[in-house]
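The structure appears below as structure tokens.
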Amino acid sequence: MKKEHRAELIDNKSMNSDSSLLVFRCPEIAEESRPGQFVNVSCSKFLKRPFGVNDTDSINGTFSIGVREVGEGSAEIRSLEPGALVDVLGPLGNYFPLENAKKLIMVGGGTGVYPLHFALKEARKANVQTIYICGFRCVSDSCLVDECEAFSDRFMITSDTGDVGIRGTVMDALYRLNENEYNDATVLSVGPEIMMKNVSQWAENIGLDCFVSLERRMACGIGMCLVCTCKIKTKNHDDLYENKRCCADGPIFNSREVVW
Amino acid sequence: MKKEHRAELIDNKSMNSDSSLLVFRCPEIAEESRPGQFVNVSCSKFLKRPFGVNDTDSINGTFSIGVREVGEGSAEIRSLEPGALVDVLGPLGNYFPLENAKKLIMVGGGTGVYPLHFALKEARKANVQTIYICGFRCVSDSCLVDECEAFSDRFMITSDTGDVGIRGTVMDALYRLNENEYNDATVLSVGPEIMMKNVSQWAENIGLDCFVSLERRMACGIGMCLVCTCKIKTKNHDDLYENKRCCADGPIFNSREVVW
Amino acid sequence: MSLRMSVGTLTFESPIILASGTCNFGRELSEYISFSRIGGICSKGLTLSPRLGNPGCRVAETPSGMLNSVGLQNPGIDYFLQNDLDFMSSLSTRVIVNVAGHDPDDYVRMTERLNDHSDQIDILELNLSCPNVKEGCMIIGSSPKEIFNLVALVRSITSIPLWVKLTPNVTSIADTALAAQEGGADAVVAINTLLGMAIDIRSARPILQNNTGGLSGPAIKPIALRMVNECSRVLSIPVVGCGGIMNYKDVLEFLIAGASLVEIGTATMVHPTTPECIINDLEKYTAENHIESLSDIVGTLKLWGV
Amino acid sequence: MSLRMSVGTLTFESPIILASGTCNFGRELSEYISFSRIGGICSKGLTLSPRLGNPGCRVAETPSGMLNSVGLQNPGIDYFLQNDLDFMSSLSTRVIVNVAGHDPDDYVRMTERLNDHSDQIDILELNLSCPNVKEGCMIIGSSPKEIFNLVALVRSITSIPLWVKLTPNVTSIADTALAAQEGGADAVVAINTLLGMAIDIRSARPILQNNTGGLSGPAIKPIALRMVNECSRVLSIPVVGCGGIMNYKDVLEFLIAGASLVEIGTATMVHPTTPECIINDLEKYTAENHIESLSDIVGTLKLWGV
Ligand SMILES: Cc1cc2nc3c(=O)[nH]c(=O)nc-3n(C[C@H](O)[C@H](O)[C@H](O)COP(=O)(O)OP(=O)(O)OC[C@H]3O[C@@H](n4cnc5c(N)ncnc54)[C@H](O)[C@@H]3O)c2cc1C
Ligand SMILES: Cc1cc2nc3c(=O)[nH]c(=O)nc-3n(C[C@H](O)[C@H](O)[C@H](O)COP(=O)(O)OP(=O)(O)OC[C@H]3O[C@@H](n4cnc5c(N)ncnc54)[C@H](O)[C@@H]3O)c2cc1C
Ligand SMILES: Cc1cc2nc3c(=O)[nH]c(=O)nc-3n(C[C@H](O)[C@H](O)[C@H](O)COP(=O)(O)O)c2cc1C
Ligand SMILES: Cc1cc2nc3c(=O)[nH]c(=O)nc-3n(C[C@H](O)[C@H](O)[C@H](O)COP(=O)(O)O)c2cc1C
Ligand code: FES
Ligand code: FES
């Protein structure tokens, strides 16, 4: 039987102006999580808060999430101190289909880089070649830069202000790739919806599969309540769609199926 | 202008099986509180929780309350750790009329001994002679015994089980007093309503004034919402009553006015 | 930039009104806050004769809210006029007198009394929604027809601006609000409390000795917001929003939903300085967001799909 | 000591039923809890044709509760009968099928379909209370007369036990409950969600793209308890309590108030193991308090002053 876990926060370090990396001890979640999955974290508010898994360490039985402060719940979770015990449900949702990927292009924006970091590490383990592109508003919003640079075969960073990396968006980085580089690649993208939409258009245009991670307001997180629906094209019917559950059928979808 | 205070918990020690003494730093409350008054303490629940002031230390700017664990709110407050900041409104309510007392007989039961402790200390300061009687279920429920024994001129303790002091109730102790001892005394009583009722009957029968501290469920604590009413006899009309506010007109009432 | 609001023929220093029954006649609160920027204060609900209110326990805490069963304890309108009205008038804020009757005749007789003090009374708030008394009030307030008749009757005998405080315990608040408007109300106040119950499992008794009570506080905010919006969509008179407001964001939600003013009840009981904090925060908000007048945001709700 | 309850002609392993729309068809939850001591499970609300439900954001968190505007997303009754009913029947708990129609004809046609599977269906729950669809449902459920007609109609064509799920968005739930009873219902379920709204102040938009949604969770518990008690006092058929139950104490409150069984909705969404935890706690409670049968406490509420 699956259960709700009580996880102990063992580390909490600030990563940039508005987000922190929280490491929790919870062997089951550490063991089972796969890149793209998320956990649902309790706070004093009524509903749990979903966060993508950033990393796991099955030896120490820990996993981590990157938490950006956007409202009261995330602020409260971000301010937890080591020793705090929190109820966590997870890992939840589906995951990136990494098995058959020959080459991976990962494109993250903002907090999207946290879940992508997990995918990057797993790709490294599996000796899959990776191009990692991350975009931020400015240098003080950037995070996980050194780690991701170290883990990827090619690394690019962009910022709206230009104070770090390429001035512009992740699209400006993507446009710099040549055919040799992107040929045969699978694209993974996590970040603001408009970014994922642009990335997937780019990928689809050149015939690449692109997997995106959708975000919806959630309640149960496990597929029972149907509040978190994403419009997904019905198989073989481009102009029909059905409402799939972000939490259980997603959060990872093939961009070709997504009705943006 | 009065305001809501943010008080820092600086000490919390367990007193008996189900209650603890909490010391808060808050110079205003320490300065202004008088015996019989209470404070309204915030917790994570919707409404504040009222507790009688047990003591003040105006030099250190602290006050203390005795908190018995009876439900979720009191359990949460009892488990606060030093350093915790809590919103506290107070001091609230009226206080024991100690000024003209020649001699005081104080009768406390259960957590009632906490607010009486404050009255006892003030009486000592004012060199008023005191008889202090406290009743508990058993020895493991007793608290403040040594302090109160030291501060009072005569001290008696009772327990239902008889494992400490006189076996029986505070009434059994009162019956032991002789006329010399109770003559001219004013009686103060804080504890379960049935105990206060019995004590005040005893006092009224022998012509003594008796002041009791009533407990009601409260909301605002400052006299605006009228949820905390006590039936109080209308002046000169023993068979008419009005609804007075426990929080603002009380909690201390002359027992002769109370409709039990 | 100011928080001043014009509603009907009156201006209010801010949209923040103290709701009836949660601040008595203002004396206690005046020790905690200054009334100079408060929009108005509603008296405790008054009746023709003094009332002791309901017996026994009158409050029960509930998740994000509370039940009360005070039952209109008040000194009666005559005592009020002699002993409390002067104090309320001295607060330099709008004075709103909340009255509750057993029957139309009660309302008429109280209105007549108030007419004699119309220089000190800015608004007469007809309480057609108290869930804690057996007769009148919510019974009248549940029937559009009775509301219309009562409001028209009172309207015909007074020139004091008339607010009608509505109960949420109805199938359609749009219907009761329309009835109040047709009867001649200058504004409706939505909402009073929702009828609820809390039970002590040890004794198998309702916690409130009145068995039921009125639910207030943040728990009811989503219902209140919906009802304010429903009212504001069908009415041409202003709506005064009320129900679960705890902070300035809640106030903004109500204004956006269509409230021209708001009443704050339970929040003041939980933290007496709430009204002042909210006003400070609203001033900061309007300044930071370059909002010339808060009235600009009243009713700006953009419904989806319309 | 067991938690078994007999209601009408049926026995239930415990009073704990999983409320419609909060557990889909049970598949997901079956990975978290065992159904052996669960009293029953209600299917997601079914309609004659498949429904996509409402577009856009469908959930908003509120103080001690949430609003949902799912709008009966479901695969349609035929798909359900072919693909989900077998699974539900395999759960070794009572199977309750919740149906929602545009109009009486819809309910009739769905009932006819269910009749063909009456061996697998323990109860037919008529949803006359979904606040998130434009037609049928809550419109019918707001009118005692329409309730009576509909229930009598369905009653005349099926022998499956019939529960009627009532909306709290009415002036008198006693009236709607009585109408259901007179129409031939075997029990009423009280309550569905309260209609509410949440607003995003930055965009001045309702958070829910359906503009309004149904409020559930502990915030509504005092209202639900009051309504269950009102129903149980006027009805001779059993009442199934629902609304804001989070723990075993809440269950006891509902049973004392007059509910013979309870439905747990939002709590399961917040903590999937809630139903099982509640059952464990109820077992402990009945053992410690020497309660032979939980049914002994149903309706034991001692009202004050009567
Ligand atoms: C599958 C998934 C993975 C996510 N991964 C991350 C991550 O790795 N790091 C990170 O910082 N954030 C992530 N988010 C977003 C994160 O869940 C929200 O920022 C957070 O819930 C906001 O809560 P709040 O109380 O601070 O905000 P509030 O706005 O006060 O919350 C109100 C309600 O809205 C919901 N909500 C608000 N914003 C979002 C949002 N963007 N997505 C979903 N629900 C929202 C909240 O959960 C809550 O129910 C993820 C969201 C999803 C759905
Ligand atoms: C003037 C006054 C002075 C008090 N002094 C003390 C004291 O010195 N030490 C002490 O331990 N207790 C004291 N009490 C009682 C104390 O306030 C309650 O035990 C406490 O509020 C219980 O809260 P809870 O959340 O644990 O209980 P719950 O039963 O979960 O609380 C539910 C609600 O009921 C109210 N409530 C429950 N029991 C009481 C009660 N006995 N009196 C008033 N409200 C109650 C709570 O405040 C809350 O609003 C005093 C009460 C009053 C009115
Ligand atoms: C203790 C209490 C007493 C109340 N008394 C009255 C009253 O006398 N007249 C009235 O119209 N409303 C009365 N109300 C209702 C409030 O004015 C207000 O409409 C309601 O509480 C909802 O707002 P809130 O959630 O901000 O409290 C009372 C509410 C409470 C909590
Ligand atoms: C997400 C969600 C979906 C729901 N869907 C249905 C439904 O399809 N049919 C129905 O009768 N009730 C539905 N309800 C109402 C619940 O069954 C229940 O009556 C209500 O939520 C109150 O109980 P609770 O506070 O325990 O959740 C739904 C509730 C929620 C929260
Ligand atoms: S959050 Fe409940 S189905 Fe996705
Ligand atoms: S608690 Fe509000 S008047 Fe006493």
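Chain identifiers are assigned alphabetically (A, B, ...) following the order of the sequence lines, protein sequences preceding nucleic acid strands; residue numbering begins at 1 within each chain.
Expressed to the nearest 0.5 Å, how far CE of C:Met197 lies from CD of D:Glu230 amounts to 8.0 Å. Here the CD1 atom belonging to C:Ile256 is positioned 11.0 Å from the CZ atom belonging to D:Arg202, to the nearest 0.5 angstrom. Rounded to the nearest 0.5 Å, atoms CG (D:Asp250) and CD1 (C:Ile199) are 10.5 Å apart. Interatomic distance, C:Leu194 CG to D:Leu194 CG, rounded to the nearest 0.5 Å: 7.0 Å. Note that the CD1 atom of D:Ile201 and the CD atom of C:Glu253 stand 6.5 Å from one another [nearest 0.5 Å].
Considering only heavy-atom pairs separated by less than 4.5 Å from chain C, the leading option among D:Gly244, D:Gly305, D:Ser172, D:Gly196 is D:Gly196. Among D:Ser142, D:Pro218, D:Pro206, the residue making the largest number of heavy-atom pairs under 4.5 Å with chain C is D:Pro206.
Side-chain contact between D:Asn169 and C:Thr171: absent, with no pair of heavy atoms (C-beta onward) separated by less than 4.5 Å.
Of the atoms belonging to C:Asn229, it is side-chain heavy atoms, and not backbone ones, that fall under 4.5 Å from chain D. With a threshold of 4.5 angstrom between heavy atoms, C:Ser203 approaches chain D through N, CA, C or O but not through any side-chain atom. Heavy atoms of D:Thr212 lying under 4.5 Å from chain C belong exclusively to its side chain. In this structure, chain D has no heavy atom under 4.5 Å from any part of C:Ile297.
Minimum interatomic distance between C:Arg205 and D:Leu303 (heavy atoms only, all atoms of both residues): NH1-O, 3.0 Å. Closest heavy-atom contact between D:Arg226 and C:Leu195: NE-O, 2.9 Å. Counting all heavy atoms, side chain and backbone alike, C:Ala198 lies closest to D:Leu225 at CA-CD1, 4.3 Å. Residues C:Trp304 and D:Asn211 share a closest heavy-atom pair of N-OD1, 2.8 Å. Annotation for C:Leu215 and D:Ala219: closest pair CD2-O, 3.8 Å, computed over non-hydrogen atoms.
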